[in-house]
Every structure is written in C-alpha cells, then in structure tokens.
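Read the structure below first, then the notes.
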Number of protein chains: 2
Amino acid sequence: MSSTSSCLVTKLSHYVSLSQADCARLATLEKAERTFDAGHEVYQGGDENKDLYVVKHGWAFSYTDLPDGRRQIVKIHHPGDIIGFPDVALKHATTTLRTVEDVCLCPFPKSSLDEILRESPKLSALLLSIALRDQVVLIDVLRAMGRMSAQERVSYMLLDLISRLRITNPGMTDTIRLPMTQSQIADYLGLTNVYISKTFIRMEEDGYIHRDQNRLQILREDAMIELTDFHDRYADMDTSWFPQD
Amino acid sequence: MSSTSSCLVTKLSHYVSLSQADCARLATLEKAERTFDAGHEVYQGGDENKDLYVVKHGWAFSYTDLPDGRRQIVKIHHPGDIIGFPDVALKHATTTLRTVEDVCLCPFPKSSLDEILRESPKLSALLLSIALRDQVVLIDVLRAMGRMSAQERVSYMLLDLISRLRITNPGMTDTIRLPMTQSQIADYLGLTNVYISKTFIRMEEDGYIHRDQNRLQILREDAMIELTDFHDRYADMDTSWFPQD
DNA sequence: CGTCCCTTTGATCCATTTCAACATTCGTGG
DNA sequence: CCACGAATGTTGAAATGGATCAAAGGGACG
C-alpha cells in the first residue's frame, strides 16, 4: 500500500514530515475498509465506544439530538478526517454518525493510539495538535453561533469548508460541491431550513455566491472573510516544539 | 513541594493514578507563580504564543471579540485548569485571557510538553484525553448555543459549573459562588445582560434557583438536568486504553 | 456621601421561527 | 422513457423570543 493512497497521510504530512515508520503506523489504521450508503447511521450516541474511523471518501456528519427532537450537527467530516476522536476520552459515544452520501470508512480500535503514544513521540505530538486545533475550530464555530447573524454564519461555514477542502485538494479554486441539504445546514448553524433558504437567496442576490445544482461558487471571498473576521486554522500549525524522532 | 499543594495534580489524579515521577513532572509546571488583579488582561488574541498557565486560584475566562465589539466568552477557567492549551497547535493566541477576580497563575513554556511526550506515554495519554474531553464539552456548549432557549442555556451553564467544581472540591453540595457579572454570563451564553437578568429572575420565581449576593443555590438540579439533557463529562473518563508506565 | 459599576424594569423593535402551501428535483419502478 | 411519490427547496403571513434603548435602583468602595 503506497502512502499516496492514504488520505490520512496526505492530510497529516501537510503539517510535518513523517518518517517511513510513522507513515507505516498510520497506514495500518486504514487497513480495514467499510462502505455505507447515503443517509446511513454508522453508530449512535450512547453506543459503547469501540472504533475510530478514517474517512476514505464521501461526506458524513456527527450530531446530537435533544430529547424533544431539536438537532445540532457538531462536525462535518471529509476525506482524511478522523471520526470519533473526541469520544476517545469517554466510555460511550456522545454523538451519532450519519453519512451524507455514499461513504467509505476505515475503522480502527482505540487501542491503536496506545501504540502510537508509546512508540512515536512525534506522531503523538501531531495527534495532540490535531485535537487542540479542532478545539480552536470548535471555538470559532461557537463564536459564530453565539454572536453572528444568519448570513454571517452561512458565510463562516462556507469559508471553513473551502479552507478544509483546500488542504487535501490544493487545486481547488472557489467552487465547492455541497451535498448537504438545507435542513442539515440549518442543524449545523443553529437555524431553520426555511431561513437557510432565504439567506442563500439573499446572498445570491447580493452577489456573494452563485448556486448551481449542489455546486456552490464563492464570488466575494474577501468580503466574506472580512464580514466574519475569518481565520484559516488549517493552513498551518505550530510544529516547532515537536519532539524529534 | 508536596503533591497536595498542586491543583493540577489533584485534578489529574482524579482520573488515573500517577507515578512519583509523573507527579514531579507536573509539579515543575507549577514552579513559577504570578498574581493578577481582578479584571486584568493577561494576554491578548494575536499575541505570540509563549506560555501556558495552570490556575492556582481565582477565576478567569478566555474570549474573542468580533471587529464591531460583539464578544464571545469561550471558556471559564477554574483552579487546576490548564489555560491556553488549544493555542498550542497554533503560532498565535486565538483568545484573550481576562481575570474575573484576583488570580494566581503558574506560567510554563510550551516546550515542557515536549518532555512529557518523550518521557511519559501515560501522561501524554492523559493530556490527550483532557484535550479530547474538552472537545466534548465544547460540543455540549455548542449544542446549548445552537438549540437551547435562554433558560435552558443558563441551566446548562450552572450544571456544568457545579460539575466541574465538584471534581476538585468533593465537599460541594448545591451552592456555588458565581463571581461573574451578568454581562459576562451573557457573553458566555450568546445572550444580552438584560435578558440574563430577566431569566435569572424568572428561574428564581419558578423555584429553580436561589440567589444571595454572588452565591447561587441550585434548588431543582434534577429538573434542570432533565430540561437540558445534561451529561457530566468530568466525573469519569475512559482510561482503560492508556499505556502503562 | 458621591461615584461607578452592576442589576432591574418597561417599552418597543426586529431577526428568526413557525406554519402552511406550493414548486421543484430526484430516484424508482412500471 | 415516462409517471409517480417522496424528499427538498421556496414563498408568504403571522407569531415570538430575545435584542435594544433608556431610565431608575442598589451596592461597594473611596
């Protein structure tokens, strides 16, 4: 299995150069493979926490429901992402994982982390950094949810998505495929499907975006960056303090 | 320096038993000590990221502002907490740190983490778990901000605070000291100070809470837990997969 | 005892929700 | 290849939770 076949290695080596041994360690995480249809629930909140997953292709998301049915999507997963990482700290899954489209996932057991922590300080530092960077991103989302209007939130979401996709896909320009429904976008941004529709229409009229099928073009990225005070958290991390192998 | 003098050791050994060597490693993080007056800004978002801090006593919080002044408080820090952990992944601080009252902090350099990652797999696993658990907590906050009413958010905040304080303070019953102003609570919950006032009054009338000076008693904890579908993320973590020293 | 900060109160306003109907797209089987 | 039904998106009217604004109380502290 060559390292180029692994989205995870692609994503992680964007930040720091990895030894052969470390690449091999990561590759073993993607040994197993399972495919799921669109709209399938892979595991549910409350389930015992057995596996983590690396996304090979397709989009998925994690969500929680309140008892009365209100739903909050907390994370959108793309190829190369590790799913279920936060739940490693706890005995039971805190979210439900649902596919957006047909998806291929690579499950691996929590205990694989044990080996990494014992044998590769550098990879440990990288995993820790990813976890901490994801915290920063969650904080950005929190800021959006707590203090931004609908249009600002939508803008923030689009900027975040395109920044993430650019990491593994450097050829990307200003157009993204957006396979999620407006109801799902609403559940991610803490709004309603109706208001997402109205906001998209408004943003299109105002020349911020252009929609065509499920493709979305960002026309005024700079204006949206200013509107939301957006910071790209993905482009680079501080790896200067990492232990050397 | 005995281990009982360290809030950090107290907090961490709640989850897993630590070797003498590991306790000593943690204790060195708390060697230095600085005190700050109430309402002081210790560092600002955008500053170069040099130190982390362990809280020795007093409350503080981290926040970000939008360019037009809207503020979001993203984390409230208590004794034993590590401040600035998420920013380790990045070169610059993403939030500003402000004290709520007189505070004593122990600064230590990022590079101390390097030593821990190289020398103690178990402590590395614990730090990683803390980071991941904090992600779960942020997800809970996100759910509250995205989908809960004002009264539910206030309830969630109070339950979260009391759960955290119970870790280092097992004698705690149902009454907490709440040194934050209503404006600060509003900035944490994505509301306004006016509406926080109205919500507190309503909750007091309805018999959920009782206020006296800056002490707050939770009268109907069970009802509030049900109202918010609250889960305690602090009481225990899954340490079963940790490497042994 | 005056000043400043915090909390409370009430009136009014507005962004978003809710509800309901209608339009469009898409997948599926006949 | 078309017809159908289900899911998704759009539209408009009415309702509402929380924001905004402004003024008045209350407490702590010099």
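Numbers restart at 1 for each chain; the letters A, B, ... are given by sequence-line order, proteins then strands. Heavy-atom basis, side chains included; hydrogens, waters and symmetry copies ignored. Quick caveat, the model's predicted, so the values are computed rather than measured.
- No side-chain donor-acceptor contact under 3.5 Å links B:Thr199 and B:Gln151.
- In this structure, NZ of B:Lys198 is placed 17 Å from P of D:dG25, rounded to the nearest angstrom.
- Within 4.0 Å (heavy atoms only), B:Leu191 reaches sugar-phosphate atoms of the nucleic acid but no base atom.
- Atom CG of B:Leu189 is separated from atom P of D:dA19 by 11 Å (rounded to the nearest Å).
- Here A:His77 and A:Trp59 keep their ring centres 6.0 angstrom or further from each other.
- Inspection of the B:Glu152 and B:Ser149 side chains reveals an N or O donor paired with an N or O acceptor under 3.5 Å.
- Comparing A:Val194 and A:Ser149 along DNA chain C, the residue whose closest nucleotide (by nearest heavy atom) sits nearer the 5' end is A:Ser149.
- In summary, A:Arg220 and A:Glu204 do not engage in a salt bridge, as defined by a charged side-chain N under 4.0 Å from a carboxylate O.
- Distance, A:Met180 CE to D:dA7 C1': 16 Å, rounded to whole Å.
- Contact detail for B:Arg147 and A:Arg70: the closest heavy-atom pair is O-NH1, 2.8 Å.
- For DNA chain C, the contact window with chain A, defined by any atom under 4.0 Å from a protein heavy atom, covers C:dA15 to C:dC19 in 5' to 3' order.
- Rounded to whole Å, atom C1' of D:dG18 lies 14 Å from atom CE of B:Met145.
- Between A:Lys11 and A:Glu30 there is no salt bridge, since none of the side-chain N atoms of the basic residue sits less than 4.0 Å from a carboxylate O of the acidic one.
- One finds a side-chain N or O of A:Gln182 lying less than 4.0 angstrom from the OP1 or OP2 phosphate oxygen of D:dT10.
- The distance from atom CG of B:Asp212 to atom C1' of D:dG27 is 13 Å, rounded to the nearest whole Å.
- Using a 4.0 Å cut-off, no side-chain N or O of B:Arg70 falls inside it from OP1 or OP2 of D:dA19.
- When the nucleotides D:dG17, D:dC21, D:dG9 are ranked by their closest atom to the side chain of B:Tyr195, D:dG17 comes out on top.
- Atom CZ in B:Arg153 sits about 7 Å away from atom P in D:dG18, given to the nearest Å.
- A salt bridge is defined here as a Lys NZ or Arg NE, NH1 or NH2 lying under 4.0 Å from an Asp or Glu carboxylate O, and A:Arg164 with A:Asp81 meets this definition.
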